[in-house]
Amino acid sequence: MRCAVYIRVSTDKEEQKLSLENQRSLFYQYLEDRGWDIFDFYVDIESGTTGKRENLQRLIQDAKARKFDVIVAKELSRLARNGALSYQIRDMATDNSVHIVTLDNAINTLERRNEMFGLYAWIYEQESQRTSTRIKAALSSKAKKGEFKGSVPPYGYRLNSGKLVLAEDDTPNNVRRIFRMYLEGKGFDAIARTLTREGCPTPAQVIGKKNAGLYWHGTSIKKILNNPHYVGDLVQGRQTTVSVTSKVREEVPRDKQIITEDSHHAIISRRDFEAVQQYMQGRKQQQAKPKAKKHLFTNYLYCADCGKALWYVHYRKGYVCGNYYKHGKHVCSQHGVKEKELINVILTDIRSMAETLNEKEFMGRLEVKTLQARKQAEKQIQSLQRRIEKLKEQKTGLIRLLASGTINETEYKEATESGNAELCSLQEQLKGFQSLLASSSTGENIVRLKKELKQFMKLDELTSEMVHRLVDRIEVQADGSVNIHYKFTPTALLSA
């Protein structure tokens with residue numbers, strides 16, 4: 001019996017970490033007594049009211065692929081504290097012939113003991129709703145006393161015994177500069193580019209967020225400009241969740257928000273804050289306009305250095321690197337290309353392809369090369385598939401070694417991380433060869449290409465249909481030169 005072991009705790013607090021270890025110990029003993037094999041551990045540190053848990057979703061996908069026979073959890077509440085989600089998991093398991101067993105013996109579909117499933121699902125959801133209500137009441141009480149109830153203070157402040165105090169760094173000055181620059185007429189993105197260029201720490205960097213970005217974004221600037229905390233008022237309860245089983249948040253009317261005036265040191269005067277709000281509203285109304293036009297090479301042009309898409313800029317009559325346009329030369333360079341020049345290059349290539357494809361001898365050579373490429377791709381695919389299957393078998397073997405105690409969890413993790421990295425690399429290679437095989441030009445494809453090119457040659461301009469059918473990707477170098485990847489590579493055609 002192949003088992004998927006699901007473990008969940010709500011937070012990463014020390015007592016919860018201990019619960020994780022205790023749950024693991026219970027499962028080792030339970031499975032050893034029954035002689036069942038562990039397929040994999042699925043561990044989440046997240047509320048049970050949401051289905052958006054990384055390893056729960058992985059568990060569901062593996063169940064649909066029938067990679068194991070039974071899901072084992074300490075109790076139903078570990079899988080879900082949401083009635084609807086509980087039923088979804090049960091139905092998914094039933095549809096894929098996967099059983100559910102809980103260690104408290106409340107649910108065991110192997111022994112057809114699931115008649116109380118609905119009752120337990122309801123009980124656990126009600127427990128979560130009561131807990132949520134108690135937490136909201138406690139936070140509301142703290143907010144009414146002037147305590148900041150959030151875990152992350154606004155940019156420019158720090159927390160001291162539940163109160164907001166000015167940070168002892170440059171972040172309060174950065175907030176003042178953001179408001180001043182906006183009142184001087186700079187937009188969100190322009191302010192973001194200025195702060196990025198000067199190396200000012202972003203809000204994510206200040207709080208030490210993992211994988212914090214190096215660059216400011218217009219959305220962060222807008223959030224700061226909208227935050228009423230900067231005038232010295234503590235404004236809390238601006239949003240609330242609809243229910244414990246939903247993460248949808250709704251705005252709370254201002255008269256029902258918890259507002260404590262002059263609770264902490266102000267960074268921005270009330271006059272400037274109100275001026276910014278009025279200015280933002282005016283700009284919003286002025287900027288209301290139809291959806292921007294999608295230009296000929298939108299979604300085809302990419303920067304050769306940073307990999308970001310190029311944006312069309314009207315006054316340049318061409319495209320520039322989106323990273324450069326948003327963050328400035330601190331991040332990347334222009335990589336600009338005129339639309340008219342690019343059109344001429346592609347039309348020239350298309351004419352060359354059309355002329356070349358008229359030659360019988362060339363067509364024969366191209367078809368031979370295509371068949372050779374297909375055979376080579378098929379060999380590579382078979383080789384990669386064998387290696388992938390072998391790695392998967394080794395991974396299963398490692399899990400069994402872990403279950404038997406032959407290796408410890410640290411050794412297991414190191415071995416699986418190494419194996420998963422190689423597996424990911426092999427799967428990417430496999431995907432590439434499969435794509436190549438699917439797109440290789442057979443004789444039928446060559447005839448179709450020839451017909452399409454002749455049809456397009458009747459047109460005097462480059463159309464979006466031509467771009468879609470013939471162009472895969474265009475990379476623009478720093479000097480403005482382009483590398484065009486055609487779906488029917490012209491360089492290969494012309495050198496064949």
Side-chain angles (χ1 to χ4, degrees), residues 1-8 20-21 23-32 34-46 51-73 78-79 89 92-93 95-101 210-211 307 372-440:
M1 187 76 70
R2 298 168 302 164
C3 302
V5 180
Y6 186 76
I7 301 174
R8 182 188 65 80
L20 280 177
E21 296 305 315
Q23 287 185 58
R24 279 183 181 271
S25 298
L26 285 172
F27 287 121
Y28 280 133
Q29 187 62 53
Y30 185 89
L31 300 178
E32 183 179 345
R34 285 156 182 76
W36 292 352
D37 295 329
I38 299 175
F39 172 75
D40 205 352
F41 281 100
Y42 299 79
V43 183
D44 280 315
I45 302 176
E46 187 89 34
K52 292 181 179 179
R53 288 172 256 154
E54 180 181 353
N55 283 304
L56 175 64
Q57 290 303 314
R58 185 168 66 89
L59 173 91
I60 290 171
Q61 292 306 314
D62 287 350
K64 289 179 178 179
R66 301 188 180 183
K67 294 182 178 180
F68 46 76
D69 308 302
V70 60
I71 299 169
V72 185
R78 296 301 93 195
L79 284 167
I89 294 172
M92 176 279 301
D95 291 345
N96 293 282
S97 301
V98 173
H99 292 279
I100 299 176
V101 173
K210 290 182 180 179
N211 302 320
Q372 290 175 343
R374 287 181 65 86
K375 288 181 180 178
Q376 184 63 31
E378 288 170 353
K379 287 182 180 179
Q380 291 290 346
I381 287 172
Q382 291 174 1
S383 175
L384 286 168
Q385 286 174 334
R386 286 195 296 268
R387 288 165 65 188
I388 287 171
E389 287 304 314
K390 186 175 180 180
L391 268 178
K392 288 181 177 178
E393 290 174 5
Q394 290 174 351
K395 184 181 176 184
T396 303
L398 285 170
I399 295 172
R400 290 172 180 167
L401 289 174
L402 173 64
S404 66
T406 305
I407 60 175
N408 60 37
E409 290 184 22
T410 301
E411 293 168 332
Y412 167 75
K413 186 176 180 180
E414 290 175 352
T416 51
E417 283 180 354
S418 174
N420 286 338
E422 185 178 355
L423 187 61
C424 183
S425 175
L426 292 175
Q427 287 172 335
E428 282 299 314
Q429 292 179 49
L430 178 63
K431 190 186 299 182
F433 279 108
Q434 288 173 333
S435 176
L436 178 64
L437 192 62
S439 64
S440 292

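Sequence positions, counted from 1, serve as the residue numbers for this chain.
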### Message
Working to the nearest 0.5 angstrom, can you tell me the gap between L26 CG and L31 CG?
### Response
10.5 Å

### Summary
Rounded to the nearest 0.5 angstrom, the CD1-CZ distance for I7 and R78 is 10.5 Å

### Message
Among residues at least two apart in sequence or on other chains, which ones pass side chain to side chain donor-acceptor pair (under 3.5 Å) with Q429?
### Response
S425

### Task
With sequence neighbours excluded, tell me which residues meet side chain to side chain contact (heavy atoms under 4.5 Å, CB included) with Q385.
I381, L430, Q434

### Query
What distance do L423 atom CG and K390 atom NZ have between them, rounded to the nearest 0.5 Å?
14.0 Å

### Query
Listed by chain and number, what are the salt bridge (charged side-chain N to carboxylate O under 4.0 Å, His left out) partners of E389, not counting sequence neighbours?
none

### Task
Rounded to the nearest 0.5 Å, what's the gap from CD1 on I45 to CG on N55? Could you check?
10.0 Å

### Task
Mind listing the closest non-hydrogen atom pair of A4 and L59 along with its distance?
CB-CD1, 3.6 Å

### Task
Report, as yes or no, whether the 6.0 Å neighbourhood of atom CD on E54 holds more than 12 heavy atoms from other residues, nucleotides or ligands.
no

### Task
Please name the pair of heavy atoms, one in R66 and one in D95, separated by the smallest distance, quoted to 0.1 Å.
NH2-O, 3.6 Å

### Message
Going by side chain to side chain contact (heavy atoms under 4.5 Å, CB included), name the residues that satisfy it together with Q380, two or more places apart in sequence or in a different chain.
### Response
Q376, F433

### Task
If the plane angle is over 60° it's perpendicular, under 30° parallel, otherwise tilted; pick one for Y42 and F68.
perpendicular

### Query
Only one of L391, L384, I388 forms a side chain to side chain contact (heavy atoms under 4.5 Å, CB included) with Q427, so which one is it?
I388

### Task
Might you work through the salt bridge (charged side-chain N to carboxylate O under 4.0 Å, His left out) test for R2 and D37, ending with a clear yes or no?
CA-CA 5 Å; R2 298 168 302 164; D37 295 329; over 6 Å; no

### Task
Under the salt bridge (charged side-chain N to carboxylate O under 4.0 Å, His left out) rule, collect the residues that match up with D44, sequence neighbours excluded.
none

## Note on the structure
When rounded to the nearest 0.5 Å, the distance separating CD of Q61 from NZ of K64 is 5.0 Å

#### Entry: Gap between atom CZ of R386 and atom CG of L426 - 0.5 Å precision
12.5 Å

### Query
Hey, is R58 close enough to D40 for a salt bridge, meaning N to O under 4.0 Å?
yes

### Task
Sequence neighbours left out, what passes side chain to side chain contact (heavy atoms under 4.5 Å, CB included) with K379? Give chain and number order.
none

### Query
So do the side chains of C3 and I38 get within less than 4.5 Å of each other, counting heavy atoms only?
no

